[in-house]
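Working notes, structure below.
By convention in this document, chain letters (A, B, ...) are assigned in the order of the sequence lines, proteins followed by strands, and residues within each chain are numbered from 1. Side-chain atoms are counted along with the backbone in the values below, which use heavy atoms only and exclude waters and symmetry mates.
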Amino acid sequence: MARLKTFRIGGIHPEENKFSAAKPIEVFPIPEKVYVPVTQHLGAPSSLLVKRNDTVKIGTLLAKADAFISANVHSPVSGTVEKIDEIIDASGYRKANIVIKVEGNEWEDGIDNSSAIIKECNLSAKEITDILKEKGIVGMGGATFPSHIKYMIPEGKDVDYLIINAVECEPYLTSDHAIMLEKTEEILIGIDILKKASGAKKALVGIENNKLDAIAKMQEVAKSFKDIEIQPLRVKYPQGAEKQLIRALTKREVPSGKLPIEVGCVVNNVGTALASYEAVQKNKPLIERVVTVTGKAVKNPSNLLVRIGTPVKELIDHVGGLPEDTGKVISGGPMMGKAISNLDVPVTKGTSGVLMMTKAESKRKKPLNCIRCAKCVSVCPMGLEPYLLQQLVDSERWEDAELNRIMDCIECGSCQFICPSKRELLDYIRVGKARVGAIIRSRAKR
Amino acid sequence: MKLFTISGSPHINRKSSVKKIMLMVIISLLPAMFVSVYYFGISAIRVSLIAIASAVFFEWIIQKLFFKGTKSIGDLSAVVTGLLLAFNLPSNLQWWIVVIGSFVAIGIAKMSFGGLGKNPFNPALVGRVFLLISFPVQMTTWPKVDVLDFSLVDAETGATPLAIVKEGVKEGLSISEIFDKLPVTFTDMFWGNMGGSLGEVPVLALVIGALFLLGRRVITWHIPFSILATIGIFTGILHGINPDMYAPPLFHVLTGGIILGAFFMATDMATSPMTPKGQIIFGVGIGIITVVIRLWGAYPEGISFAILLMNALVPLINNVSKPKAFGKVKK
Ligand code: SF4
Ligand code: SF4
């Protein structure tokens with residue numbers, strides 16, 4: 001077999017631990033109350049449209065995107081708005097939050113809640129993009145960037161490829177895998193629609209080679225679509241990072257500080273493709289998603305189809321309860337996920353997984369001196385020198401950090417993962433990025 | 001409400017540690033240790049134990065007295081330094097000279113710069129070179145190989161093949177004449193049947209250890225390969241031009257601790273460049289300087305000096321051999 005494609009520089013191979021890989025998607029029961037943060041995406045907060053005691057249906061618009069980079073939020077349940085308060089979500093920030101008491105199961109008119117597959121789509125690119133915006137579709141891999149913006153192709157730019165990210169390179173997570181097996185046709189229709197929206201000639205779907213069943217199934221169904229290519233990729237983290245994935249599939253390198261459109265690509269996650277299908281073909285806003293709930297000590301690791309706003313605690317109870325010696329709970333995967341401090345945090349549009357780590361796993365080892373082993377340099381997918389960036393941040397040499405391209409860091413964590421001295425490289429680099437970013441912005445203002 | 005640990009990603013680490021790396025280096029040196037004992041007897045163990053014990057002791061006492069931050073005593077790095085120092089010494093060296101060597105290696109070359117990873121020069125080599133300059137006689141009196149003689153007295157002493165050749169060339173003899181007089185053959189050199197320091201001798205055993213390190217990715221091929229290739233090519237050309245003046249490349253590669261230097265000393269992580277490109281520059285530099293010292297310098301062997309000289313250039317090399325940037329904007 002020919003050597004599989006992958007990205008070129010750096011990369012690591014963490015233990016996969018995909019315990020829930022063979023599990024079918026389970027529909028999680030609607031909770032009694034949901035907690036819907038008004039802002040679940042990257043960008044400006046949306047503005048609130050409901051108030052206390054309002055009745056809402058499934059799909060009712062709760063908050064509207066006013067700013068350019070922002071996204072609509074719809075009600076995931078039917079019932080009454082109990083109160084509007086604040087909640088600390090998985091990002092760790094305090095956010096406006098809508099608490100809805102669930103009553104009945106009323107859907108907004110016009111939403112097709114059946115499982116019938118609708119393939120035909122005669123909408124224009126503009127119309128599709130408008131629907132994505134209207135239905136609150138955001139990137140579902142974790143970055144939660146509002147999707148419609150990606151399809152507003154700037155003047156003078158051409159899109160060659162729509163890149164679909166189905167690599168799921170984070171250990172433990174299997175939600176994308178599960179939907180590819182169970183919603184294959186819906187996903188491919190979604191990809192076809194996004195391809196049309198982007199104006200791309202071809203869609204490339206990257207799937208890592210540890211999901212052979214998904215590759216086979218996607219390839220089989222893709223035969224009845226034009227110009228959608230399913231591409232198996234070598235297993236390597238962080239292949240799901242936008243720039244790395246584009247490199248792996250097209251050999252094109254997005255220049256430093258630029259967006260994928262610069263090299264004629266638009267990238268979306270496979271989960272986003274599914275959500276786009278439901279939005280465009282079934283008129284259904286983004287109100288639910290598949291979440292992997294897993295961990296080494298978890299009794300029954302599962303893939304659950306969950307309404308947005310369901311507290312993480314209820315998911316954990318469903319998979320066998322919180323293991324005795326849990327030390328850390330992560331929203332997302334172990335490489336890029338966010339640690340959450342309590343279990344009241346609700347599932348939002350970007351919650352790909354809930355990972356429970358044992359006390360032993362959660363303890364960070366004490367960092368030792370850098371032994372200059374160069375491992376961090378050799379695994380950095382952006383070709384940076386993490387050990388050096390750490391030193392520069394430590395000594396507050398911001399200009400040098402900028403010269404050494406600290407802003408190019410994609411925060412994949414590979415450097416910190418590999419370091420034998422257990423140095424907290426990415427912690428330092430994040431601090432540095434914040435400072436250097438502020439310096440660059442203030443320079444631009446002047 | 002139960003609160004959980006909060007920390008930034010990544011939330012997992014690879015199961016590796018400084019200690020494990022050091023342990024692998026120690027394991028990789030064991031075959032050579034055995035061969036040394038086979039040739040030099042119990043005195044090889046004696047020198048090694050003195051060097052290791054004193055290195056660990058100095059590291060411990062200095063950390064205890066002067067260090068506030070992270071202690072590195074448990075990480076076995078001092079053991080590696082001691083062992084490598086011993087490999088650079090003759091087996092019949094007086095014990096107190098060994099201790100001085102350890103002190104210079106650990107106290108001056110490593111701890112005074114801040115300890116583990118902060119030293120610009122390879123500590124074992126600094127110790128060795130210091131001894132070579134301070135105790136030239138003792139440091140260049142090599143016990144004759146005496147297979148499995150376990151008495152602690154080394155009756156005879158002799159010069160290394162490299163020294164013999166160097167002297168011979170000075171006296172105006174041709175290489176082939178000198179080779180006729182050499183007490184050892186290439187095969188002897190390969191198996192380690194020649195005079196020299198502990199780790200200069202067992203070439204084959206060192207290669208086995210080096211393969212282990214390469215296999216476990218503790219070291220990469222870039223530095224050793226570029227050193228050996230440079231020495232091979234450089235001396236090969238000279239030998240091609242004038243075989244009477246210049247010994248063949250194989251002789252140069254097998255003697256004078258080149259194997260030890262290339263695979264175990266030059267690859268020291270703290271004192272070598274960070275990128276493959278930099279490592280090749282580093283290796284080529286070491287190769288060239290080694291040959292120049294050997295052929296035209298005052299000392300018969302040259303790799304210790306060559307490595308130390310190139311150690312000094314590492315920051316510079318790191319600056320000119322940055323890793324290839326992803327998506328570099330062409331200006
Ligand atoms: S991986 Fe860790 S010890 Fe090695 S060079 Fe990077 S920071 Fe230093
Ligand atoms: S976190 Fe940043 S510096 Fe570290 S490996 Fe990833 S891109 Fe490189």
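Counted within 6.0 Å of NZ on B/Lys324, heavy atoms from surrounding residues, nucleotides or ligands total more than 12; the atom is thus considered enclosed. Within a 6.0 Å radius of NZ in A/Lys313, no more than 12 heavy atoms belonging to other residues, nucleotides or ligands are found. Residue B/Arg217 qualifies as open at atom CZ: its count of foreign heavy atoms under 6.0 Å is 12 or below. Atom NZ of A/Lys338 is surrounded by 12 or fewer heavy atoms from other residues, nucleotides or ligands within 6.0 Å. For B/Phe225, the CZ atom counts as loosely surrounded, since its 6.0 Å shell holds 12 or fewer non-hydrogen atoms of other residues, nucleotides or ligands. When the shell of 6.0 Å around CZ of A/Arg8 is examined, it contains more than 12 heavy atoms from other residues, nucleotides or ligands.
Annotation: side chain of B/Lys118 is in contact with side chain of A/Asn369 (closest heavy-atom distance under 4.5 Å). In this structure, B/His11 and A/Lys328 have side chains that are in contact, with non-hydrogen atoms separated by less than 4.5 Å. With contacts defined as side-chain heavy-atom distances shorter than 4.5 Å, the pair B/Ser9/A/Arg430 qualifies. Inter-residue side-chain proximity for A/Arg372 and B/Asn318 is flagged as met; some heavy-atom pair is nearer than 4.5 Å.
Of the residues considered (A/Glu424, A/Arg405, A/Lys365), A/Arg405 shows the highest number of contacts with chain B, using heavy-atom pairs under 4.5 Å. When each of A/Pro420, A/Ala339, A/Pro14 is checked for heavy-atom pairs under 4.5 Å with chain B, A/Pro420 comes out on top. Looking only at heavy-atom pairs under 4.5 Å with chain B, the residue among A/Pro334, A/Ala374, A/Gly413 that has the most is A/Pro334. Highest contact tally toward chain B, considering only A/Glu262, A/Met357, A/Arg364, is held by A/Arg364 [criterion: heavy-atom pairs under 4.5 Å]. In terms of heavy-atom pairs under 4.5 angstrom with chain A, the leader among B/Pro323, B/Gly117, B/Pro273 is B/Pro323.
For B/Ile21, the part sitting under 4.5 Å from any heavy atom of chain A is the side chain, from C-beta outward, and nothing else. For A/Phe7, no part lies near chain B; criterion is any non-hydrogen pair under 4.5 Å. Heavy atoms closer than 4.5 Å to chain B are found in the backbone of A/Ile340, but not in its side chain. Using a 4.5 Å cut-off between heavy atoms, A/Glu361 contacts chain B through its backbone alone, with no side-chain atom that close. Contact of A/Ile330 with chain B is made through the side chain alone, with heavy-atom distances under 4.5 Å. B/Thr275 touches chain A through its side chain: at least one heavy atom from C-beta onward sits under 4.5 Å away, while N, CA, C and O do not. For a residue to count as touching a neighbouring chain, one of its non-hydrogen atoms must lie under 4.5 Å from one of that chain's; by this rule A/Cys370 touches chain B with the backbone only. At a 4.5 Å heavy-atom cutoff, the contact between A/Val329 and chain B is made by backbone and side-chain atoms alike.
The pair B/Lys15-A/Glu15 counts as a salt bridge, with a side-chain nitrogen and a carboxylate oxygen less than 4.0 angstrom apart.
With hydrogens and angles ignored, the 3.5 Å screen pairs no side-chain donor or acceptor of B/Asn13 with any backbone N or O of A/Ile418.
Nearest approach of B/Val18 to A/Ser421, heavy atoms of both residues: CG2-OG, 3.2 Å. Considering every non-hydrogen atom in both B/Met269 and A/Cys373, the closest pair reads SD-CB, 3.4 Å. Counting all heavy atoms, side chain and backbone alike, A/Pro171 lies closest to B/Ile12 at CG-CD1, 4.2 Å. B/Phe4 approaches A/Gly327 most closely through the heavy-atom pair CB-O, 3.7 Å.
B/Thr5 and A/Lys359 share no donor-acceptor pair across their side chains, judged by distance under 3.5 Å alone.
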Test log, rule side-chain hydrogen bond (donor to acceptor under 3.5 Å, both in side chains), inputs A/Ser414 and B/Arg14: CA-CA 10 Å; A/Ser414 301; B/Arg14 200 176 67 149; over 6 Å; no
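Between atom NZ of residue A/Lys243 and atom CZ of residue B/Phe326 there is a gap of 7.0 Å, rounded to the nearest 0.5 Å. For the atom pair OG (B/Ser77) and CD1 (A/Ile371), the distance works out to 9.0 Å, reported to the nearest 0.5 Å.
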What side-chain donor-acceptor pairs closer than 3.5 Å can you find for residues 378-386 of chain A, not counting sequence neighbours?
residue: A/Ser378; atom: OG; partner: A/Lys375; partner atom: O; Å: 3.0
residue: A/Glu385; atom: OE1; partner: B/Lys322; partner atom: NZ; Å: 2.8

